[in-house]
There are 2 protein chains.
Amino acid sequence: MIDLAAVARIVVDGRKWSVAGRPRIKDVAEYAGVSPKTVSNVINDFEHVSEHTRAAVREAIEALGYRVNIAGRQLRRGRTGMITLAVPELDVAYFAELAKHVMTAADRRGCTVLLHQTGGARERELAALRGFDAQFTDGVVLSPLSLTPRDLATRDTQLPVVLLGERQAPGGADHVGIDNVAAAREATEHLLARGRRRIAVIGGAVRGRQGTDRLRTKGYQSALQAGRFPFDPDLVVPVDAYHWQDGARAAAALLDRRPRPDAFLCLNDHLALGALRALHEAGLRAPEDVDVVGFDDIEASRFSVPSLTTVAPDKPAIADTAVSLLMDRIDRPGADGAADHVVGHRLMVRESTGGRS
Amino acid sequence: MIDLAAVARIVVDGRKWSVAGRPRIKDVAEYAGVSPKTVSNVINDFEHVSEHTRAAVREAIEALGYRVNIAGRQLRRGRTGMITLAVPELDVAYFAELAKHVMTAADRRGCTVLLHQTGGARERELAALRGFDAQFTDGVVLSPLSLTPRDLATRDTQLPVVLLGERQAPGGADHVGIDNVAAAREATEHLLARGRRRIAVIGGAVRGRQGTDRLRTKGYQSALQAGRFPFDPDLVVPVDAYHWQDGARAAAALLDRRPRPDAFLCLNDHLALGALRALHEAGLRAPEDVDVVGFDDIEASRFSVPSLTTVAPDKPAIADTAVSLLMDRIDRPGADGAADHVVGHRLMVRESTGGRS
DNA sequence: CCACGCGATTACATCGATGTAAATACACTG
DNA sequence: CAGTGTATTTACATCGATGTAATCGCGTGG
């Protein structure tokens, strides 16, 4: 095959241009009457460049509409200015909202986000730790579901990683999340305070997953214990996934039990919204018959009928902290041990547990 | 500064490795006892490589855990294997679901998706057309809100682009979408068949935006016209954005009118779900008091209370068609005029207009 | 007046992969 | 066995940007 780049170079306005129609650093250099390196120096704010030359180069850049070729820079520098965000599923609203915040945070720091879905599969999470074959990325923010602490311990430590969700292996990698135990405890205490005594946990301890479910279940137990209420393991029901339908199914099954549970602590909002739906189909209502609480404070929870009481993690803070931790790692590779950041959360009391809005 | 690459090269198992800890094509070549180019030939399935050499190279790749450096390849080939998907907002469920499908479709074709949010701002949509400065991407799938046909006409045609949503400029760029006029007409006819006569359009003709709203409003009018019902422009209410709260606000205002509208045709599901919420707050119910219809068939619409009648576009088909069109453009740059693909849609009748599920 | 120092600029090599063209190996014909 | 043709393999240049080290120019102190 022919060398496209060489052949397709065409002459425009007396100058040569590459195929893509983009001027190269060399073109700018010629236009400005300096060497390519000097142009590079101007671009990268090297200090020893005279004001005069700097102006000339800036003008040339402007005139030609030059932009650095990232592939070239990356090849030379080993950096791309791109980070990867890997979440289980984008159509889980929490992750979509989180992604939005991460992209905003990254934008602010002048870097681009590559988004990946893992589907919660261990294989794909491991791929994320490797940078997805495409080592096009300087670092990874990963929200794992199936990763084991061992996976983390044996990972290639060359690629900076920040984990979201449950803290996996202490010291294994930087981590950002809320205090899930405390959050679940508060939610449970809220239900207990409202007189609920048969509180079911929907989404507790998902099979084969190392998510936040264990921590939240722990917080639930701790609230019961603190109030000297009995813990009934049968009330902790696992689900296959964190979607509406899983919540609806689990709730429907629970509503058939006698005595009937009087509250659902759902480990995310989708499950909770599904549970609301199941209540509706069973001819029951929240909060009159059953209280429902969720986690994540996705936008839908504010507008459902009834609106949903939920634990609101500080999503902007999670995103911001994660990105900033990651950038630190990228800038200083051999830095000291892993950090563990806890961001705030808040229980939003809404109609599904007797709130007003 | 020192040359990191040169200095940090360390010896492992008797071989040299680059800083990133990754073997290069040269390392594989040495290990296999062939030239770098031969390794490249194996990687790229060049036909004239003997079975024997091929096996040896494969083994070397395996043994060293080699992976191609995309920056190097991109620099040489001018291709990244990455495409950009630019949508207004990820936390609008429709776009999140669409993104999921686009990523799946791209994955299937062995390419990676860079995701961008435009916020619907013209500036950022234009940036998308340019490949976001980062010319890291081979092509762009863009779901525009504010772009004018003129923007399209004057765009740099070097970068392949596929548009989603409303067809902008015929011939300006490839386009994929549903037949919005027909879809809105069907939805309206459904409401008319149920005896509704004062059908309000929530989200009609958003200010300064060139979205699908105009087409859908047109379909609404055409249904009225076909049934010889009068068209009342006051029933078409614009919104600021396509979020729950906008739908809730618009619906609340409409419910105060006398005579009260007896149906809401909402131009997306979020607006519709917000409208359901407003009904609830006004002590009214769907479908008893007011019918509600949405667009997009997001997952939430199947689980809301009541569940939402909505127009379901064939999202997998949209994503698949868009990606495949884009890949075609990328493979054959100078190809003929722009294509215009219409994919299917279907009215999902649910509880909010008297359906059963 | 020259050596010296310092800031500004440039030549050159390099990052990793691959297209081109040339070289080599190999088989087969006459 | 020379000659021709085909199948494999390789040398080399190149994509664009930048680190290193060398060079250039100019002012200053001895």
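Values below: every heavy atom of this structure, side chains too, minus hydrogens, waters and symmetry copies. Letters A, B, ... are given to chains in the order of the sequence lines, protein chains preceding strands, and every chain is numbered from 1.
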Check the distance between D/dG19's P and A/Leu75's CG and give it to me in whole angstrom.
-> 13 Å
Length of the line joining A/Arg76:CZ and C/dA13:P, which is rounded to integer Å | 13 Å
Once you round to the nearest 0.5 Å, how far does OG1 of A/Thr118 lie from CD of A/Glu89?
-> 8.0 Å
Measure from the side-chain heavy atoms of B/Tyr66 and tell me the nearest of C/dA17, D/dA17, D/dG16.
-> C/dA17
Whole-Å gap separating P (C/dA17) and CG (B/Asp45) | 16 Å
Evaluate side chain to side chain donor-acceptor pair (under 3.5 Å) for B/Ser35 paired with B/Thr38, printing each intermediate quantity in order.
-> CA-CA 5 Å; B/Ser35 78; B/Thr38 298; 3.2 Å; yes
From D/dT18, C/dT18, C/dA17, pick the nucleotide closest to the side chain of B/Arg24?
-> C/dA17
Heavy-atom side-chain contact between B/Ile25 and B/Lys37 under 4.5 Å | no
Tell me whether the OP1 or OP2 atom of C/dC15 has a side-chain N or O from B/Asn69 closer than 4.0 Å.
-> no
salt_bridge(B/Asp320, B/Arg109) N-O dist < 4.0 Å = yes
Beyond-backbone contact of B/Leu163 with B/Asp174, side-chain heavy atoms, under 4.5 angstrom = no
Give the rounded distance in Å between these two atoms: CD1 of A/Ile25 and P of C/dA11.
-> 14 Å
Whole angstrom is fine here: how far is it from CG in A/Leu64 over to P in D/dG16?
-> 14 Å
Would a 4.5 Å heavy-atom cut-off, applied to side chains only, mark B/Asp27 and B/Tyr66 as touching?
-> no
Summarise protein proximity over nucleotides 5-11 of chain D in one line of letters, 5' to 3': B for base, S for sugar-phosphate only, - for none, counting protein heavy atoms closer than 4.0 Å.
-> --SBBBB
Specify the separation, in whole Å, of atom CZ of B/Arg67 and atom P of C/dA17.
-> 13 Å
